[in-house]
**Q** 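Below is a structure I'd like to ask you about.
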Amino acid sequence: METSNIKVNEAEKVDNTKITAQMLSEQERLSAQIVDTRKEITELTEAELKELEKETKQFEKGSFEHLRYLRMNFKHIGEEIPKDVPITKYYRYIIENFRIMKPKEEWTDIDYKVDNSQWQRLMAASGLRQRLEVQEIPLIDRQKRIIERVRNGTDYDVHSSKKFLERLQ
């Protein structure tokens with residue numbers, strides 16, 4: 001009787017593992033289909049910057065609405081973290097090396113977007129650090145992709161894009 005119970009439990013574990021793997025692969029497939037068409041905020045022309053200023057005048061600088069508008073319409077690809085920096089040190093490296101040095105009163109829309117993108121990157125780096133400090137199994141492909149995105153500065157607001165939100169409706 002104990003042997004059959006063990007076999008049933010093992011079978012359930014295998015089924016749950018398959019279901020989890022299927023769910024992950026489905027999420028990855030959906031994520032792979034999302035193309036970020038937002039413009040890089042640091043590459044805007046003078047005319048586009050003036051238009052952006054005109055659009056964001058309606059919002060208080062740094063407010064939720066202001067940051068949401070910037071997230072929905074623009075992306076920012078940050079600087080890369082050198083490959084010799086250990087993954088668990090990404091958080092500290094970002095804080096120490098990628099700061100906006102001017103006072104907040106002088107920030108432009110670009111600075112707010114860069115800061116918001118850095119914050120998203122910090123949250124991902126923090127999650128990685130916490131997970132990897134206790135994880136005993138080798139990295140899975142999804143973790144490797146997240147690590148690479150944090151390292152190379154990819155904007156984590158891709159799921160905020162209009163295209164993605166339109167697909168959910």
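Residue indices begin at 1 and follow the sequence shown. From a predicted model like this one, the values you see are computed outputs, not experimental measurements.
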**Q** Would you check if F74 and L44 make a side-chain contact, meaning some heavy-atom pair closer than 4.5 Å?
**A**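 Yes - at least one pair of side-chain heavy atoms lies under 4.5 Å apart.
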
**Q** Is there a donor-acceptor contact under 3.5 Å from the side chain of R121 to the main chain of R151?
**A**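 Such a contact is found between R121 side chain and R151 backbone.
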
**Q** Would you compute the distance between atom CD of Q120 and atom NE2 of H76 and round it to the nearest 0.5 angstrom?
**A**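 Rounded to the nearest 0.5 Å, the CD-NE2 separation comes out at 12.5 Å.
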
**Q** Of the non-hydrogen atoms in L67 and G62, which two are nearest, and what is the gap between them?
**A**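 In terms of heavy atoms, the two residues are closest at CD1-O, 3.7 Å.
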
**Q** Can you tell me how far apart CD (Q143) and CG (L132) are? Round to the nearest 0.5 Å.
**A**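 Going from CD on Q143 over to CG on L132, the span is 6.0 Å.
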
**Q** Measure the spacing between CG of L139 and CZ of R145 and express it to the nearest 0.5 Å.
**A**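 Between L139 CG and R145 CZ, I get 12.0 Å after rounding to 0.5 Å.
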
**Q** For the residue pair H66 and F59, categorise the inter-ring angle as parallel (less than 30°), tilted (30 to 60°) or perpendicular (more than 60°).
**A**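 The arrangement is tilted - the two ring planes meet at 30° to 60°.
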
**Q** I'd like to check K113 versus T42 (side-chain heavy atoms, cut-off strictly below 4.5 Å). Are they in contact?
**A**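 K113 does not reach T42 side chain to side chain.
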
**Q** Mind checking whether N73 and K39 have side chains closer than 4.5 Å, heavy atoms only?
**A**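 When only atoms from C-beta onward are counted, K39 and N73 do not touch, as no gap falls below 4.5 Å.
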
**Q** Any side-chain heavy atom of N97 within less than 4.5 Å of one from I81?
**A**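 No - every pair of side-chain heavy atoms lies 4.5 Å or more apart.
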
**Q** Tell me, do W107 and K61 make a side-chain contact under 4.5 Å, heavy atoms counted?
**A**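 No - every pair of side-chain heavy atoms lies 4.5 Å or more apart.
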
**Q** Transitively linked via ILVMFWY side-chain contacts under 4.5 Å: I77 with I94?
**A**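 Shared cluster, no.
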
**Q** Can you pull out every salt bridge (Lys or Arg N to Asp or Glu O under 4.0 Å) where at least one residue sits in residues 92-102? Sequence neighbours excluded, please.
**A**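 As it turns out, the salt bridge (Lys or Arg N to Asp or Glu O under 4.0 Å) pairs with a partner in residues 92-102, which skip direct neighbours, are R92-E96, K102-D111.
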
**Q** If you round to the nearest 0.5 Å, how far is NZ of K75 from CD of E43?
**A**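 Answer rounded to 0.5 Å: 8.0 Å.
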
**Q** Could you tell me if the side chain of L70 sits less than 4.5 Å from the side chain of L52, heavy atoms only?
**A**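 In short, these two side chains touch, coming nearer than 4.5 Å.
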
**Q** Quick check for you: to the nearest 0.5 Å, what is the distance between I41 atom CD1 and R71 atom CZ?
**A**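 Here the interatomic distance stands at 12.5 Å.
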
**Q** Roughly how far, to the nearest 0.5 Å, is CD of E51 from OG1 of T56?
**A**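 T56 OG1 to E51 CD: 10.0 Å, rounded to 0.5 Å.
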
**Q** Is the closest side-chain heavy-atom distance between I147 and Y90 below 4.5 Å?
**A**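 Side-chain contact under 4.5 Å: yes.
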
**Q** Assess whether a salt bridge exists between K50 and E53, defined as any Lys/Arg side-chain N lying under 4.0 Å from an Asp/Glu carboxylate O.
**A**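 No, K50 and E53 are not salt-bridged.
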
**Q** What do you reckon, is CD of E80 surrounded by more than 12 foreign heavy atoms closer than 6.0 Å?
**A**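 Yes - once you tally the heavy atoms of other residues, nucleotides and ligands closer than 6.0 Å, there are more than 12.
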
**Q** Sub-3.5 Å donor-acceptor pair from the side chain of E106 to the main-chain atoms of P103, do we have one?
**A**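 The answer is no, because no donor-acceptor pair under 3.5 Å joins these two groups.
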
**Q** Has Q58 got more than 12 heavy atoms of other residues, nucleotides or ligands less than 6.0 Å from its CD?
**A**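 Above 12, so yes.
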
**Q** Donor-acceptor check, side chain of E79 to backbone of F98, threshold 3.5 angstrom: yes or no?
**A**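 Looks like no, no N/O pair under 3.5 Å.
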
**Q** What about V85 and I146, same hydrophobic cluster or not, with Ile/Leu/Val/Met/Phe/Trp/Tyr joined at side-chain heavy-atom distances under 4.5 Å?
**A**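 Linked within one cluster.
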
